[in-house]
Amino acid sequence: MSGRILVIDDVATNRDLLRAKLGTAYYDVLVAENEDEALELARRQQPSIVLIDVMMQTIDGFAVCKTLKADPATAQIPVVMVTAIDDPEDRTRGLDAGADDFLVKPISDLALFARVRNLMRMGFAIEELQLRSEAAQELGLTTNFAPTEPTPAQSVLIAAPDEATGARWGEALHERLSVGASWETESRAIEAAIAQDVPDAIVVHQQLGDGRDGLKLLADIARAMATRHCALLFVVDDDDMRTAAKALDLGAWDYLMAPYDPFELAVRMRSQLRRKIYSDKLRTDVQDGLRMATRDPLTGLYNRRYAQHQLRIMMERAREEAADFALMILDLDFFKQINDVHGHDAGDEVLAQIARRLQENVRGVDLAVRLGGEEFCLALPGTSQDDAREAAERIRRAVCGEMFLMRDGTQIECTVSIGIAVAPAGEGDVDSLLRSADRALYRSKADGRDRVSTAWDSCEKA
Ligand code: GH3
Ligand code: MG
C-alpha cells in the first residue's frame, strides 16, 4: 500500500485544492488531468485511493472508474467520486460503475478525511493479506483474483429500526443481490442471530428498534472475534456527517445516508460483499500456505523444515522444565522393494497409512514428522529412557504389526527399524540428539532390521 492518493480532475484549480487539502494531512498526492494519464498512473503507482470528479468537460469519470474496476491490476483500488451536487442519478451511475463512495462538493474535510482514513485502513489490511498470500503462492498455491459476485450462500443480517424497514431492505438485498437476507430489530435478537450463524455482512441502523445505540452495536461487532471479518454497513439516521465519520472510525466498511434508496443499499452492499469474499479468500490462502509450508502433502505430517524449528523450541522447554526429552527416528525396511514389487503408488499408500498409524499412537504433545522419503521422526517430551524404549516397541508393533491393505485388495507387509536417543533433563542440542538417534537406527538396521535400538545401549557397549 502506497499511502498515495490519485486525484483525477481536468480543472487545475480543483486539483490544486485537493492536493493542498490532502497534503496538510501528509498524504502523498498524484494528479492526472486526462484519462490516459489517470489509467497509467493508477496502474504504475498503485495508489491507495482514487478520487474522480464526475463533473468534467474532457474526461468521463464514470468510464474511468469502470476501466479501473475491470482491470485486475487496479480493480482493488477504492474509487471515490466527487459530485458537484448530491445528485442521486450520479450516485447511481457511479455505484454501478463500481465506485466505492461519493463526496459532495464543496468537500467537507470531515467527510474527506474520514473516508480516506477508512479506505486506507482497509487497504492496508488487504495488502498485508495479499503479501502473505503471495508467499503462499510461491509455495505452489495458485490464486487468481477475479471479482466475485455475491451468491445465495452469502448472508446479510439487518439490525433495523423497525419491522417494515427491515423487510423493505431485506427484500431489496435479496432481490438485487440474491443473497440471503434477514432482519431483527431488538438487540437481544440481533445478538442471538449472530451467535447462531455469523453472517457475511451486517447492516446496522443508527437507532435500533429497542432504542439501543447502533454505533455501540457497530463497535461491538467490529471488535468481537467472531464478527471482526464481517462486512459492516452503517445507516446514518441523523443526517450528520460526523456520525458517518464516527461509524467509519469505529469499523464500518461503508455507510448510507438519507434518503435511503434500496438500490443504493444493494449496490453498496454488493461492493462490500465482493471485498469480503476477496479478503476471505486471501485469508484462506494464507492458512493453506502456512499449512503447506509446515506439512508434508502425502502424509499430512509435519515436514523436516518445520521440525527443525519446532524441535528446538520443544527442547528448550524441556531444559527449562528439566524434563527428559526423547527422540525417535524410524526408517522403513526394504522399502525400495515395495516400490519395485507393487509400484510407486502402492508405496505412497503405505507411507500414508504408516503416518496415520503413527499419529494414532502418539500423544497430543508429541511431534510426528516425515523427515523425507521413508524416514520419520517422533519427538516425545517428558519421556525417560525406559518410557521411550517401551513407547518405541509399542509404536513398532502398532505401525507394522498389521499388513497394509491396498485399494485393489493387495496386502503389503512392511517393517520398521527405530533408533532412540534421550536428552536427560533436556540437556544437549537437537542436532546431536538427532545424530545419536540416527546412529541407534543404523544399529537396528545392521542387527537385522524390524527392531528398536537405543543410543545409550550403544554407548554402554562402546
Ligand atoms: P533399508 O531397509 O536399508 O532402509 O532399505 P530401503 O529400501 O528402505 O532403503 P533405500 O534407501 O534403499 O530406499 C528407500 C526407498 O524409498 C527408495 C525410494 O524410491 C523410496 N521412496 C522415497 N520416498 C518415497 C515416496 O515418497 N514414495 C514412494 N513410493 N517411495 C519413496
Ligand atoms: Mg528404508
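Quick note: numbers below take in every heavy atom, side chains included, and nothing from hydrogens, waters or symmetry partners. Order of appearance sets the numbers: ligands from 1, and atoms from 1 within every ligand.
- Salt-bridge formation is detected for the pair Lys216/Asp220: a Lys NZ or Arg NE/NH1/NH2 atom is positioned less than 4.0 Å from an Asp or Glu carboxylate oxygen.
- By the 4.0 Å N-to-carboxylate-O rule, Glu321 lies too far from Arg317 to be salt-bridged with it.
- Remark: ligand 1 atoms within the under-4.0 Å shell around heavy atoms of Gly347 are 29 (N).
- Put simply, the side chain of Gln46 gets close to the backbone of Ala73: a donor and an acceptor are under 3.5 Å apart.
- Backbone or side-chain N, O or S atoms of Phe335 do not reach the Mg ion (ligand 2) at under 2.8 Å.
- His342 does not count as a contact of ligand 1, since none of its heavy atoms falls under 4.0 Å from the ligand.
- Checking Glu349, Glu374, His344 against atom 16 (O) of ligand 1, the nearest heavy atom belongs to Glu374.
- Of all protein heavy atoms, the one lying nearest to atom 22 (C) of ligand 1 is Gly373 CA, 3.5 Å.
- Considering Arg370, Lys336, Glu375 only, the shortest heavy-atom separation from atom 24 (C) of ligand 1 involves Arg370.
- Among all heavy-atom pairs drawn from Leu351 and Phe335, the shortest one is CG-CZ, 3.6 Å.
- Ligand 1 has a nitrogen or oxygen under 3.5 angstrom from a nitrogen or oxygen of Phe334.
- Atoms of ligand 1 found under 4.0 Å from any heavy atom of Arg449 (numbered from 1 in listed order, with element): 1 (P), 2 (O), 3 (O).
- The closest non-hydrogen atom to atom 29 (N) of ligand 1, taken over Asp333, Asn339, Asp340, comes from Asn339.
- Considering backbone and side-chain N/O of Asp348, one or more are found under 3.5 Å from N/O of ligand 1.
- Taking the charged nitrogens against the carboxylate oxygens, Asp249 and Lys246 have no contact shorter than 4.0 Å, which rules out a salt bridge.
- Using a cutoff of 4.0 Å between basic side-chain nitrogens and carboxylate oxygens, Lys69 and Asp100 are scored as salt-bridged.
- Checked against the Mg ion (ligand 2), the N, O or S atom of Glu374 at the shortest distance is OE1.
- Geometrically, Arg295 engages Tyr302 in a cation-pi contact, judged by NZ or CZ lying under 6.0 Å from the ring centre and within 45° of the ring axis.
- In terms of N/O distances under 3.5 Å, ligand 1 is approached by Leu332.
- At least one side-chain heavy atom of Leu157 sits less than 4.5 Å from a side-chain heavy atom of Ser182.
- Of all protein heavy atoms, the one lying nearest to atom 1 (P) of ligand 1 is Lys445 NZ, 3.4 Å.
- The atom name of the N/O/S atom in Asp331 closest to the Mg ion (ligand 2) is OD1.
- The shortest N/O to N/O separation between Phe335 and ligand 1 falls below 3.5 Å.
- Of the candidates Asp345, Asp331, Thr415, Leu298, it is Asp331 that places a heavy atom closest to atom 4 (O) of ligand 1.
- Of all the listed residues (Thr299, Leu351, Asp450), Leu351 holds the heavy atom that lies closest to atom 25 (C) of ligand 1.
- The existence of a salt bridge linking Arg115 and Asp254 is confirmed by a sub-4.0 Å separation between a basic side-chain nitrogen and an acidic carboxylate oxygen.
- Checking atom 10 (P) of ligand 1 against the protein gives no heavy-atom contact under 4.0 Å.
- Using a 4.0 Å cut-off between a side-chain N of Lys or Arg and a carboxylate O of Asp or Glu, Asp331 and Arg449 do not qualify as a salt bridge.
- Test Arg370, Arg304, Arg305 against Asp296 for salt bridge (charged side-chain N to carboxylate O under 4.0 Å, His left out) and you get one pass: Arg370.
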